[in-house]
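In what follows, chains carry the letters A, B, and so on, assigned in the order in which the sequence lines appear, proteins first and then strands, with residues in each chain numbered from 1. FYI, side chains are in, hydrogens and waters are out, and symmetry mates aren't considered; it's all heavy atoms of this structure.
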There are 2 protein chains.
Amino acid sequence: MDDQLDAIFSALADPTRRAILGRLAKGKATVAELADPFALSQPAISKHLKVLEQAGLIRSGREANSRPRVLEPAALKTIADWIADYTRFWDQSFDRLDDYLSKVQGYEND
Amino acid sequence: MDDQLDAIFSALADPTRRAILGRLAKGKATVAELADPFALSQPAISKHLKVLEQAGLIRSGREANSRPRVLEPAALKTIADWIADYTRFWDQSFDRLDDYLSKVQGYEND
DNA sequence: TAGCTATATAGCCATATGGATATATTCTCG
DNA sequence: CGAGAATATATCCATATGGCTATATAGCTA
């Protein structure tokens, strides 16, 4: 599980890979289509796709002699859940909830 | 901005660093306290802290001769916002909203 | 000021990563 | 089956990363 977080976060740490995901958010695409926007060799793109696939962020299909990729959003959910544990830190809703409970239930926190 | 995403995602790609953030979620801590749970040298921890700080995920304070670290949750918000663009993909709420609007407002999507 | 504590920095090493080019593999189609 | 298209794999290279030990720096405290 820790390994999965490692894989997902490090897959997302590269702008090329994030751009590929951005493209796939618009729908299935072939390797050639995914490579097109970049000044990178086809093997470089294949390598990026392998990283994304091993992280579970995309999946490969098969269609004639192409291997179209699709987004696999579950992996993103995995890290969104991880981040959610910290959500209470970036607004005061948690503290405000505490205050609210103190008042409503008539006790003080220590 | 892309650079910031790179820095944050790659900072989070390491389990030691995520554990450090987990500790800091419980409150301010010194380098020694942060190093304690790990079988790593102090310099190794300092290096991790530097990575986290450069990503904006933590901040250093000063207190007597220690330099306590605190969580800086804004950076996590940055990537949460990035992920939010994909949120519609992991449940069908987006589509269900579409259906709902179709019925309520009495039109069909094409 | 001298010494102790807390932490940072320097230098070194092994492995990982991202890129390129060359080549292999797998389909499709004539 | 043979050729061409789409993609994967192999190899090589340069740089980045994560770890260690040794050492430097900064602030207390006697």
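A distance of 5.5 Å separates CG of Leu76(A) from CH2 of Trp82(B), quoted to the nearest 0.5 Å. The CD1 atom of Ile83(B) lies 11.0 Å from the OG1 atom of Thr78(B); values are rounded to the nearest 0.5 Å. Leu34(A) contributes atom CG, which lies 9.5 Å from atom CG of Leu52(A) (distance to the nearest 0.5 angstrom).
Taking 4.0 angstrom as the limit, Arg69(B) places a side-chain polar atom (N or O) nearer than this to OP1 or OP2 of dA8(C). A close approach under 4.0 Å does not occur between any side-chain nitrogen or oxygen of His48(A) and OP1 or OP2 of dT17(C).
Where Ser46(B) and Asp14(A) each meet DNA chain C at their nearest nucleotide, the meeting point lying more 5' is that of Ser46(B).
Residue-level contact check: Ala39(A) touches the backbone only, with heavy atoms under 4.0 Å from sugar-phosphate atoms and none from bases. Ile45(A) comes within 4.0 angstrom of no nucleic acid atom, judged by non-hydrogen atoms across all strands. Across all strands shown, Ser10(B) has no heavy atoms under 4.0 Å from either base or sugar-phosphate atoms. Among the atoms of the strands shown, only primed sugar atoms or phosphate atoms (P, OP1, OP2) are found under 4.0 Å from some heavy atom of Ser66(B).
Here dA20(C) is the nucleotide among dG19(D), dA20(C), dG18(D) with the atom lying nearest to any side-chain atom of Leu40(A). In the set dA8(C), dC20(D), dG19(D), the nucleotide with an atom closest to the side chain of Ser41(B) is dC20(D).
Summarising the geometry, the separation between CG on Leu49(B) and C1' on dA8(C) is reported as 11 Å, rounded to the nearest angstrom. Protein atom CZ of Arg67(B) is 8 Å distant from nucleotide atom P of dA26(D), rounded to whole Å. Rounded to whole Å, the distance from CD on Glu33(A) to P on dA6(D) is 10 Å. Between Gln54(A) atom CD and dT9(D) atom C1' there is a gap of 13 Å when expressed in whole angstrom units. The nearest whole Å value for the distance from the CZ atom in Phe38(B) to the C1' atom in dG19(D) is 14 Å. The nearest whole Å value for the distance from the CZ atom in Arg62(A) to the C1' atom in dA8(D) is 11 Å. Here the P atom of nucleotide dA5(D) and the CG atom of Asn65(A) are 10 Å apart, to the nearest Å. Here dT17(D) presents its P atom at 10 Å from NZ of Lys47(B), a figure rounded to the nearest Å.
Taking both residues in full, the closest heavy atoms of Ile8(B) and Ala55(B) are given as CG1-O, 3.5 Å, listed atom of the first, atom of the second, then distance.
Between the side chain of Gln42(B) and the base of dA6(C), no donor-acceptor pair under 3.5 Å is found.
Partner Ser60(B) forms a side chain to side chain donor-acceptor pair (under 3.5 Å) with one of Arg67(B), Arg69(B), Lys50(B) and no other, that one being Arg69(B).
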